[in-house]
**Q** 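My questions all concern the structure below.
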Number of protein chains: 2
Amino acid sequence: MDKLGHEFYPEGTLSQPLPRDPILEAQRNWERHGWQDVAEPMAAITALMRTQQILLQRAETVLKPFGLTFARYEMLALLSFARDGELAMNRASALLQVHATSVTNAVDRLEGAGLVARTKHPTDKRTTLIALTRQGRELAAAATVELNAQVFADSGFSDRDISTLIRIFSKFRREAGDFSADEPAPK
Amino acid sequence: MDKLGHEFYPEGTLSQPLPRDPILEAQRNWERHGWQDVAEPMAAITALMRTQQILLQRAETVLKPFGLTFARYEMLALLSFARDGELAMNRASALLQVHATSVTNAVDRLEGAGLVARTKHPTDKRTTLIALTRQGRELAAAATVELNAQVFADSGFSDRDISTLIRIFSKFRREAGDFSADEPAPK
DNA sequence: TCCAAACCCTTGGATATCCAAGTATATTTG
DNA sequence: CAAATATACTTGGATATCCAAGGGTTTGGA
């Protein structure tokens with residue numbers, strides 16, 4: 001579609017690079033309109049959202065050949081680390097930080113693909129357990145290898161920036177109520 | 001719904017804080033499985049995605065009383081800074097970094113709400129211009145006041161961290177091909 | 001004990017995003 | 001100048017997310 005673009009900028013079907021950073025322009029606009037005090041937070045949050053979009057698209061591109069989306073991959077990865085490869089759906093919802101309906105949706109599709117199986121909880125009839133099938137475990141392992149190699153190994157962030165991001169987001173998420181434990185002091 | 005939760009952790013219908021950080025646990029799992037070299041990038045990217053989700057939900061909560069979503073708000077804000085309050089749809093697509101179909105979708109709804117109007121481009125018949133209505137301009141201004149006060153003014157990041165995030169994401173996005181200009185050297 | 005409240009999962013509805021493909025218009029090229 | 005290519009927007013299809021509401025199960029207080 002694009003004359004250039006795909007070879008150089010493989011993130012989606014968007015056009016060539018813009019001559020200016022649109023988020024920096026938005027920041028300047030905020031400052032000009034008298035909102036100096038929030039111009040930088042606005043820019044940081046907007047840039048975060050755009051960065052998330054780019055990274056998500058990279059992951060989806062890698063996972064597509066496996067027939068997986070990032071949401072489904074996250075579910076498989078979570079299960080692959082669970083004791084007995086089994087997890088209650090409400091537990092998955094809490095750990096993945098998504099709505100229960102999103103878990104239902106993902107499990108429906110994964111089950112349809114033969115990658116997970118639903119089981120009844122032995123004592124609590126309300127609860128449904130999810131377990132990886134052998135096929136699901138193998139696919140998760142293969143997909144992880146590719147994600148590691150194609151997305152995480154060359155993330156676009158320096159090692160130093162990665163440590164910084166982990167620190168900043170960890171603090172943010174704790175204050176937002178995601179979790180309550182204290183982090184182990186960095187060595 | 002939750003016994004506790006909403007007053008203290010207003011981000012969605014998720015349950016109480018977890019005792020442990022699930023992303024840190026994932027990082028430990030990666031390390032245990034021999035992927036030490038990508039465990040930190042994985043954790044940083046996963047945390048970024050979760051942080052984006054939290055911030056997006058905060059923005060949506062603030063915008064809901066205005067009948068706006070974040071995507072529609074971004075379109076209104078962009079138009080409010082455009083020369084003559086008018087912008088070609090393909091330009092909006094480039095500046096907002098979303099697919100043309102997403103712009104069509106947003107403009108359909110904004111037009112239905114009387115907030116923007118489509119106009120024909122004077123010379124290029126392929127192109128459609130979008131313009132704010134008076135109502136749209138007023139709503140954008142009011143929504144911005146609330147977003148500034150309720151999301152950006154107390155973002156959950158320190159001033160220092162905000163500067164750091166802007167720097168890291170700016171570099172990342174430039175290298176990802178979002179834009180090509182050099183940043184003005186920080187004063 | 002027993003009934004209201006809480007919890008677990010699912011269904012249905014709304015929105016946003018992307019991709020593929022189609023229509024119309026402009027530009028480029030032979 | 002005409003044909004091929006590129007661009008602009010829309011439509012249709014797929015997926016993910018959330019919320020609201022409903023049915024079944026468990027828990028806890030009167």
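Worth saying up front: this structure is predicted, and the values here are computed from it rather than measured.
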**Q** Could you check whether any side-chain heavy atom of D178(B) comes within less than 4.5 Å of a side-chain heavy atom of F172(B), counting everything from C-beta outward?
**A**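 The answer is no; the side chains never approach within 4.5 Å.
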**Q** Counting only heavy atoms not in R20(B) (residues, nucleotides, ligands), do more than 12 fall under 6.0 Å from its CZ?
**A** no
**Q** Is any side-chain N of the basic residue among R118(B) and D108(B) closer than 4.0 Å to the acidic one's carboxylate O?
**A**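 Yes.
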**Q** Which whole-number value in Å describes the distance from L63(B) CG to dC18(D) P?
**A** 17 Å
**Q** For each nucleotide in nucleotides 9-16 of chain D, reading 5' to 3', give B when a protein heavy atom comes within less than 4.0 Å of its base, S when such contact involves only the sugar-phosphate, and - otherwise.
**A** SBB---SS
**Q** So what is the end-to-end bend of the helix from dT1(C)-dA30(D) to dG30(C)-dC1(D), with 5 pairs used at each end and the value given to 10 degrees?
**A**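 End axes: 10° apart.
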**Q** Measure the shortest side-chain to side-chain distance between L76(B) and R72(B) over non-hydrogen atoms and say whether it is less than 4.5 angstrom.
**A** no
**Q** Taking only the side-chain nitrogens and oxygens of H99(B), find out if one of them lies under 4.0 Å from OP1 or OP2 of dC19(C).
**A**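 Yes, within the criterion.
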**Q** Please check the phosphate of dT17(C) (OP1 and OP2 only) for any side-chain N or O of Q53(A) closer than 4.0 Å.
**A** no
**Q** Do V98(B) and Q53(A) make a side-chain contact, defined as non-hydrogen atoms from C-beta onward lying under 4.5 Å apart?
**A**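 Counting from C-beta outward, V98(B) and Q53(A) do come under 4.5 Å.
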**Q** Below 4.5 Å, heavy atoms only, C-beta onward: do T51(B) and F157(B) meet side chain to side chain?
**A** yes
**Q** When the distance from CZ of R58(A) to C1' of dC18(C) is rounded to whole Å, what number comes out?
**A** 17 Å
**Q** Give the ring-plane orientation class for W30(A) versus F81(B), where under 30° counts as parallel, over 60° as perpendicular and anything between as tilted.
**A**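 Ring orientation, 0 to 90° scale: tilted.
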**Q** Start at the 5' end of DNA chain D and walk down; is the nucleotide closest to T123(A) or to E74(A) reached first?
**A**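 Result: E74(A).
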**Q** Under 4.0 Å between a side-chain nitrogen and a carboxylate oxygen: does that hold for K64(A) and E60(A)?
**A** no
